[in-house]
Amino acid sequence: MAAVGAVAIAVASPAHAVTEIQWWHAMSGQLGKHLEKLAADFNASQTDFRIVPTYKGNYTETVTASIFAFRSRSQPAIVQVNEIATATMMAARGAIYPVFELMRDQKEEFSPSAYLPAVTGYYSDVAGNMLSFPFNASTPILYYNKNLFRAAGLDPEVAPKTWPEIGAAAKRLRASGAPCGFTTSWPSWIQIENFSAFHNAPISTSSNGFAGLDAELTFNNALVVRHIGQLAEWQATKVYDYSGRGQSAEPRFQKGECGIFIGSSATRADIRANSKFEVGYGMLPYWPDVAGAPQNTIIGGATLWVLRSRPRAEYAGVAKFFAFLSRPEVQAAWHQNTGYLPVTRAAYDLTRSQGFYDRNPGAAISIEAVTMKPPTVNSRGVRLGSFVLVRDAIEDELELAFNGKKSAKAALDAAVERGNRLLRQFERANPDR
């Protein structure tokens with residue numbers, strides 16, 4: 001009878017309730033598989049919460065889906081948002097639950113000093129409070145084809161460090177028969193945003209937008225005009241060869257067309273897998289006559305934002321998930337498997353102690369670039385409203401300069417004028433910020 005009673009009690013007792021937490025993201029393919037593994041590993045590490053990752057398309061599609069879902073009160077607890085939408089997310093004050101508040105409210109350990117300064121600076125407010133959780137961060141680095149370097153009589157073990165060295169090497173590559181000397185991806189991110197940060201030059205007033213929505217673009221300065229003018233001049237002989245927006249330049253490097261390529265550090269594994277030649281690595285170049293250069297590069301990628309108006313129990317799970325993602329071994333594995341930066345110092349140190357950088361030359365360059373010097377007001381990132389649209393305007397005008405249809409000065413002046421109109425529209429739409 002005792003056994004029967006025990007069974008009856010067990011049947012009558014409610015099953016252990018697991019709180020499900022929706023996570024909308026923008027990662028497909030191999031990156032999506034690595035993301036899903038993170039969720040599965042967290043789910044296996046405890047029994048109270050279950051992270052449910054859902055792919056919602058690219059970054060724009062994912063953010064748009066979240067906005068519509070919030071209006072119908074069907075939003076996820078976590079959404080992955082790209083870095084240039086930070087100002088837009090901040091403007092949605094009633095919709096977001098700042099991560100520093102979440103972790104404090106849930107009494108989970110969370111210290112901004114544990115994260116790389118270039119990462120925390122981008123996603124923190126003026127008081128240093130982190131607003132979103134750093135997840136996938138990358139920065140521009142230089143890749144070069146060692147086989148083509150040898151054929152051109154260049155030292156295959158030495159990466160060009162400055163823009164004059166890039167020009168000289170690219171001319172040698174062209175003379176030896178390469179269809180193009182060098183090319184770059186993500187034109188605005190690399191040639192305007194990171195170029196300015198690496199030379200400690202502002203993109204706009206108001207600390208690149210960090211100090212308020214009244215920022216006005218200022219990148220049509222003499223330094224950037226000279227740089228874009230030099231690229232346009234090199235374009236005429238394909239010493240530099242513009243390859244389009246986004247990642248459209250990367251396949252040209254992989255196919256051996258261009259001897260030098262500047263692109264995201266997160267494409268390193270892809271380049272190694274698809275290039276049938278020996279690859280060398282270097283940092284973003286700089287102009288040596290600019291005082292203070294090189295400073296530090298800035299990041300791209302995305303963070304995880306927490307949305308409000310979800311059941312209280314979910315937020316306890318979100319905080320524990322973020323604490324899990326911060327563990328050195330979890331961050332180190334994510335960094336090593338994807339090519340994204342380790343967002344914490346401990347993950348970087350662990351990766352180094354494991355010998356990963358010794359076994360994978362070039363893998364540490366991205367961390368070295370973003371941590372070269374403490375970030376300044378000019379080099380901690382860009383926080384400007386509607387910056388997706390501003391980037392489009394910048395790249396429209398850069399294309400006109402590279403096609404010889406406008407001077408560098410005229411193109412950059414037009415980009416600033418168009419961009420400032422977009423910034424004023426965003427400011428008017430957010431009067432309470």
Can you list the steps and then say if S264 with T267 is a side-chain hydrogen bond (donor to acceptor under 3.5 Å, both in side chains)? CA-CA 6 Å; S264 170; T267 63; 5.2 Å; no

For the residue pair W234 and F182, categorise the inter-ring angle as parallel (less than 30°), tilted (30 to 60°) or perpendicular (more than 60°). perpendicular

Is it the case that the side chains of T62 and Y55 hold a donor-acceptor pair, with the cut-off being a distance below 3.5 Å and no angle test? no

Heavy-atom check, side chain of V318 versus side chain of L102, under 4.5 Å: yes

Would R352 and F356 count as a cation-pi pair here, with the cationic atom under 6.0 angstrom from the ring centre and within 45° of the axis? no

Within-4.5 Å side-chain heavy-atom neighbours: L116 and V343: no

In terms of side-chain heavy atoms, does T183 have a donor or acceptor partner in R252 at a distance below 3.5 Å? no

Kindly indicate whether the side chain of W24, heavy atoms from C-beta on, has any atom under 4.5 Å from the side chain of I78. no

Locate the shortest heavy-atom distance separating F253 from C258; write the atom from each residue and the value. CD1-O, 3.2 Å

Parallel, tilted or perpendicular: which fits the ring planes of Y240 and F402, with parallel below 30° and perpendicular above 60°? perpendicular

Side chains of I271 and F261, heavy atoms from C-beta outward: is any pair under 4.5 Å? yes

Taking the side chain as every heavy atom from C-beta outward, state whether T218 and V416 have any atom pair closer than 4.5 Å. no

Work out which heavy atom in A159 is nearest to a heavy atom in Y144; give both atom names and the distance. CB-CE2, 3.5 Å

With a cut-off of under 6.0 Å to the ring centre and 45° to the axis, is R268 in cation-pi contact with Y143? no

Side-chain donor-acceptor pair present, H227, W287, cut-off under 3.5 Å: yes

Test item: side-chain donor near acceptor, Q295 and N378, under 3.5 Å: no

With the side chain counted from C-beta on, respond yes when P285 and I262 share a heavy-atom pair under 4.5 Å apart, and no when they do not. yes

Which class fits the ring pair F324 and F321: parallel under 30°, tilted 30 to 60°, perpendicular over 60°? parallel

Taking everything shown except K37 itself, do over 12 heavy atoms lie less than 6.0 Å from its NZ? no

Please check if the side chain of H25 supplies one atom and the backbone of Q80 the other of a donor-acceptor pair under 3.5 Å. no

Just checking, any donor-acceptor pair under 3.5 angstrom between side chains of N296 and R380? no

Is the positively charged end of R345 above the ring of Y348, judged by distance under 6.0 angstrom from the centroid and angle within 45° of the axis? no

Roughly how far, to the nearest 0.5 Å, is the CD atom of Q22 from the CZ atom of R310? 7.5 Å

Q336 versus Q354: any side-chain heavy-atom pair under 4.5 Å? yes

Give the minimum heavy-atom separation between T184 and A249, together with the two atoms involved. O-CB, 3.2 Å

Identify the heavy atoms of Q75 and R308 that sit nearest to each other, and give their distance. NE2-O, 2.6 Å

Heavy-atom pair of closest approach, residues S188 and E193: OG-OE2, 2.7 Å

Verify salt bridge (Lys or Arg N to Asp or Glu O under 4.0 Å) between R391 and E83, making sure each step is shown before the conclusion. CA-CA 13 Å; R391 266 191 183 168; E83 91 285 4; 3.1 Å; yes

Determine whether K320 and D48 satisfy the following criterion, salt bridge (Lys or Arg N to Asp or Glu O under 4.0 Å), listing intermediate values before the conclusion. CA-CA 10 Å; K320 288 191 180 303; D48 295 324; over 6 Å; no

Which pair of heavy atoms, one from G246 and one from P187, lies closest together, and at what distance? N-CD, 4.1 Å

Pair W305 and F133, ring centroids less than 6.0 Å apart: no

